[in-house]
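Notes for the one structure printed next.
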Amino acid sequence: MILQTTPKTDGKPMKFVIGKEDLTLDVLEKLLYSEKVEYTLSPAARKRIDKCRNYLDEKVKRTKEPLYGITTGFGSLYKVSIPQEDLSRLQANLVKSHSCSHGELVPLPVVKLMLILKAHALSLGFSGVQVLTVERIIDFLNKEIYPVVFDKGSLGASGDLAPLANLFLPLIGEGEVHYKGQRRPAREVLKEEGLEPVTLMSKEGLALLNGTQFMSSHDVYALILGRRAMRAALAISALSLEAFDGLEAAFMPLLHEVRPHKGQQAVAQAMREMLQGSALQKIKKPQVQDPYSFRCIPQVHGATYDTWNYVASVLLTEINSVTDNPMVFPDDDLIVSGGNFHGQPIALPADFLAIALAELGNISERRTAQLILGLKGLPEFLVANPGLNSGYMIPQYAAAAMVSRNKMYCYAASSDSIVSSNGQEDHVSMGANAATKLLPLIDNLYAILGIELMNAAQALELRKCEKKTSKHLQKIFKDFRQKVPFVQDDVVMYELIDAATAFVYTYDFPVSL
């Protein structure tokens, strides 16, 4: 999967202070794509964390009432009281027993986001953890020690219990980590780096495991990659339009003023900018209108843009929230057991985002199909040297297969619920399943767009008009040809598809969206 890694940008090391201000998608994208980041904990966050921890210690000493997850067992075992001398062991046992994530390795960028989001949530000072615990998470980020986490096991309701347990096993010297390109036992790596395992205090295990950071991190990564894909899709669709000898009339401002959806207007404007100066658009064309996959780019791509903005707004609230349980409010002398860990607020938007991004692939494949039909003076399958050659026949098959698979990923995971914890957790969000299916969907989307770009470039060159399009599109074409050549005779095609996919994933498309 190409999304396992992120392309790095050149530049000076970035400094980031945890707990200083709210997180944003732009900041998180910079943190992921920067070559080196130095993380520190803000003094204000340190004070908040200390204040909450000190309050909790005093509360445990003086109260005789059971405090869920602090002096009791967990889930349906909340009725079992735990002696004071066993409170630390209770938390370590929780992390070990709950480390049940299974399946495929979570991509390292997502693991990195999980650490950042959890450190930020704990820094808000309502979780009752030690400063040392947050500092150790920051140590992991600075030393690029990334815990081994798997993608299955969370119900997205009592927090992301299983994957977050795997994430924080290394904190107590258990589990495995990715370190310097190797997967190794955490205890060995901690010893090499001079880091002592953390002895968890009361409630700390629960604070680490309760929360939506597994779901949120997948959603944030999908938003970051989705925004890049939206820009790529728009530029590639403009190139396809030129290759298909299409009309720019469908993007004129008046059309979109009378149906003023923000996304539709933004995409139409961006298309006009991409086509600006094209000599091809000045040539009179025989058709009055183009197929929907070209003519309705503002309406279809724009709807995805609007969906992206909605989902982003929800996620911004989520990643700047406290989502563990119970919540500790020192100023109000309250420890309250609630449901802030429930993933429903982000489960529904994750499913919505899947549908919106899948549609970019759906319409892209249709443009690819139009280019190989033998229309507008183009040869069938864009065969440059017909006879023994099949040309671009089967890349469209591959794109269609991935479009179909993405429709499977559009199943609404959030519509499901399975009772757990002996009936105590009787409604769950399945938000983790909604979130994890976003990444294979986006991986397919980049390949679908790569195939469209291959076809558009081939068609443009067959029509000998690559130098007549706009300056923006000429540059994209020229840069693409450095990676993927014109196909004269049949070649091993999967290599070109891989190269085109990588190009779409890493290229900085000049789209103002």
Side-chain angles (χ1 to χ4, degrees), residues 17-23 40-75 77-95 98 115-139 158-159 161 164-165 168 171-172 196-213 317-342:
V17 183
I18 300 262
K20 182 181 179 181
E21 55 192 8
D22 280 357
L23 297 171
T40 55
L41 182 63
S42 78
R46 190 181 300 272
K47 288 180 181 178
R48 292 193 296 265
I49 296 166
D50 266 335
K51 178 180 178 179
C52 190
R53 183 67 234 176
N54 293 337
Y55 165 79
L56 182 59
D57 286 340
E58 287 301 314
K59 188 75 171 179
V60 170
K61 286 178 185 176
R62 58 185 164 85
T63 188
K64 294 182 180 179
E65 298 296 321
L67 300 171
Y68 172 73
I70 301 171
T71 61
T72 74
F74 309 103
L77 299 176
Y78 69 93
K79 297 177 183 178
V80 180
S81 293
I82 308 298
Q84 288 270 350
E85 62 270 19
D86 288 334
L87 296 186
S88 180
R89 183 181 174 190
L90 172 70
Q91 300 302 315
N93 284 349
L94 175 72
V95 178
H98 284 45
L115 293 172
I116 294 169
L117 297 191
K118 178 58 83 171
H120 177 75
L122 297 177
S123 78
L124 299 179
F126 297 99
S127 300
V129 297
Q130 308 170 73
V131 169
L132 173 64
T133 301
V134 183
E135 286 181 332
R136 184 64 77 248
I137 296 172
I138 293 172
D139 286 335
S158 188
L161 293 174
L164 288 180
F168 291 117
L171 213 64
I172 62 173
E196 289 291 330
V198 173
T199 300
L200 298 178
M201 299 177 71
S202 60
K203 191 191 177 294
E204 285 202 283
L206 200 57
L208 293 169
L209 272 55
N210 263 187
T212 62
Q213 286 78 30
T317 298
E318 185 72 5
I319 64 179
N320 290 296
S321 301
V322 185
T323 56
D324 64 283
N325 182 64
M327 305 288 292
V328 183
F329 300 97
D331 291 341
D332 301 285
D333 189 21
L334 281 175
I335 298 176
V336 184
S337 186
N340 276 6
F341 48 65
H342 202 291

Between [X] and [Y], what is the shortest heavy-atom contact and its length?
X: Gly19; Y: Arg48; answer: O-NH2, 3.0 Å
X: Ser321; Y: Ala121; answer: O-CB, 3.9 Å
X: Gly128; Y: Cys52; answer: N-SG, 3.4 Å
X: Glu21; Y: His120; answer: O-CE1, 3.4 Å
X: Thr199; Y: Glu204; answer: O-OE1, 4.1 Å
X: Val322; Y: Met327; answer: CG1-CE, 3.4 Å

Within this structure, what is the [atom1]-[atom2] distance for the pair [X] and [Y], rounded to the nearest 0.5 Å?
X: Leu56; Y: Ser202; atom1: CG; atom2: OG; result: 4.5 Å
X: Asp324; Y: Asn340; atom1: CG; atom2: CG; result: 8.5 Å
X: Asp139; Y: Leu115; atom1: CG; atom2: CG; result: 11.5 Å
X: Glu318; Y: Thr212; atom1: CD; atom2: OG1; result: 3.5 Å
X: Leu208; Y: Leu161; atom1: CG; atom2: CG; result: 11.5 Å

[X] bridged to [Y] by N-O distance under 4.0 Å:
X: Glu135; Y: Arg46; result: yes
X: Asp57; Y: Arg53; result: yes
X: Lys47; Y: Asp50; result: no

Side-chain donor or acceptor of [X] paired with backbone N/O of [Y] under 3.5 Å:
X: Asn325; Y: Gly338; answer: yes
X: Lys118; Y: Gly211; answer: no
X: Thr63; Y: Lys59; answer: no
X: Asn210; Y: Ser158; answer: yes

Regarding Asp333 and Tyr55, is there a side-chain donor-to-acceptor distance under 3.5 Å anywhere? yes
Going by heavy atoms in the side chains, are [X] and [Y] under 4.5 Å from each other?
X: Lys203; Y: Val60; answer: no
X: Thr133; Y: Ile49; answer: no
X: Ile172; Y: Gln91; answer: no

Single hit among Leu164, Leu171, Leu206, Leu200 for side chain to side chain contact (heavy atoms under 4.5 Å, CB included) with Val95: Leu200
